[in-house]
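Numbering of residues begins at 1 and proceeds along the displayed sequence. Keep in mind that what you see is a predicted model, and the values were worked out from it rather than measured.
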Amino acid sequence: MLHKLFSLLVFVMFFSVVNAQNCTLDIGGKNNETIKTLFQLNEEQVSVMESLQGELEVKTKSVEDQIEKLLAQHPQSTEEDLIKLAEKYKTLQQQLVEAAYDSDKQLLSVFNVKQYERYLQLCNEAIRQPIKVEPKNYEIPVEEE
């Protein structure tokens, strides 16, 4: 039985390592001030980020509740039960990854060219795969003299 649990743990860890190669901002995490400062977000971008954080929190809470319920209620007495549990868990984990990725992508889509270039530079330094978006072109108001 211990061998089966170890195999399940290795499987879940392998899945997590594969997804770690994406270059994420982690707007659902605790480094929001760092994101604001590092990319010099303007008021509109901060507002977008805060909105996305709220939406992400709701999505992740729902999925985390499903994971908790799955782990508490799913049978785990046979190898087949553990395999089914791992498959269901993997699906829910993927939903969390996709929700975070989508939120990061939406925030990146409001970055200007210089902010996005900074993001690409940081991803390159970290040897991570950047999220591809088309940076936003902001109109600079022309002052009349």
Thr91: which of Gln94, Lys88, Glu87, Gln95 passes side chain to side chain contact (heavy atoms under 4.5 Å, CB included): Gln95
Under 30°, 30 to 60°, or over 60°: which ring-plane class applies to Phe111 and Tyr119, parallel, tilted or perpendicular? perpendicular
Is it the case that the side chains of Gln115 and Gln45 hold a donor-acceptor pair, with the cut-off being a distance below 3.5 Å and no angle test? yes
Indicate, with yes or no, if Leu38 and Val110 share a hydrophobic cluster defined by side-chain heavy-atom contacts under 4.5 Å among Ile, Leu, Val, Met, Phe, Trp and Tyr. yes
Any side-chain heavy-atom pair from Glu44 and Met49 closer than 4.5 angstrom? no
When you look at Leu70 and Gln66, which way does the side-chain contact (heavy atoms from CB on, under 4.5 Å) test go after all the steps? CA-CA 6 Å; Leu70 174 68; Gln66 291 176 52; over 6 Å; no
Might you work through the side-chain contact (heavy atoms from CB on, under 4.5 Å) test for His74 and Leu85, ending with a clear yes or no? CA-CA 7 Å; His74 196 280; Leu85 172 64; 3.8 Å; yes
When rounded to the nearest 0.5 angstrom, what distance separates CD in Gln106 from CG in Leu108? 10.5 Å
If you round to the nearest 0.5 Å, how far is CG of Leu122 from CZ of Arg118? 4.0 Å
Can you check whether Leu25's main-chain N or O pairs, donor with acceptor, with Asp104's side chain at less than 3.5 Å? yes
Is it possible for you to say whether Val113 and Val48 belong to one hydrophobic cluster, with membership spreading through side-chain heavy-atom contacts below 4.5 Å? no
Check whether more than 12 heavy atoms from other residues, nucleotides or ligands sit under 6.0 Å from atom CD of Glu43, and answer yes or no. no
Whether Glu79 and Lys84 form a salt bridge (side-chain N of Lys/Arg under 4.0 Å from carboxylate O of Asp/Glu) is what I want to check. no
Start with the C-alpha gap between Ile35 and Leu41, add the side-chain angles, then the distance that decides, and say whether side-chain contact (heavy atoms from CB on, under 4.5 Å) holds. CA-CA 8 Å; Ile35 293 170; Leu41 301 183; 4.1 Å; yes
Value for CD (Gln129) from NZ (Lys132), rounded to nearest 0.5 Å, stands at 5.5 Å
Answer yes when Lys36 and Glu50 have at least one side-chain N-carboxylate O distance shorter than 4.0 Å, and no when they do not. yes
Taking atom CD of Gln40 as the centre, report whether more than 12 heavy atoms of other residues, nucleotides or ligands fall under 6.0 Å from it. no
Side chains of residues 51-63: which donor-acceptor pairs under 3.5 Å do they make with residues two or more places apart or in other chains?
residue	atom	partner	partner atom	Å
Gln53	NE2	Ile27	O	3.1
Gln53	NE2	Asn32	OD1	2.7
Thr60	OG1	Leu56	O	3.0
Thr60	OG1	Glu57	O	3.1
Lys61	NZ	Asp65	OD1	2.9

Taking the side chain as every heavy atom from C-beta outward, state whether Val133 and Lys105 have any pair of such atoms under 4.5 Å apart. yes
Separation between CD (Glu125) and SG (Cys23), nearest 0.5 Å, reads 10.0 Å
Decide, yes or no, whether a salt bridge links Glu117 with Lys114 under the criterion of side-chain N to carboxylate O below 4.0 Å. no
For residues Tyr101 and Ile131, report the shortest heavy-atom separation together with the two atoms involved. CE1-CG1, 3.5 Å
From Glu64 atom CD to Leu96 atom CG, the distance as rounded to the nearest 0.5 Å: 6.0 Å
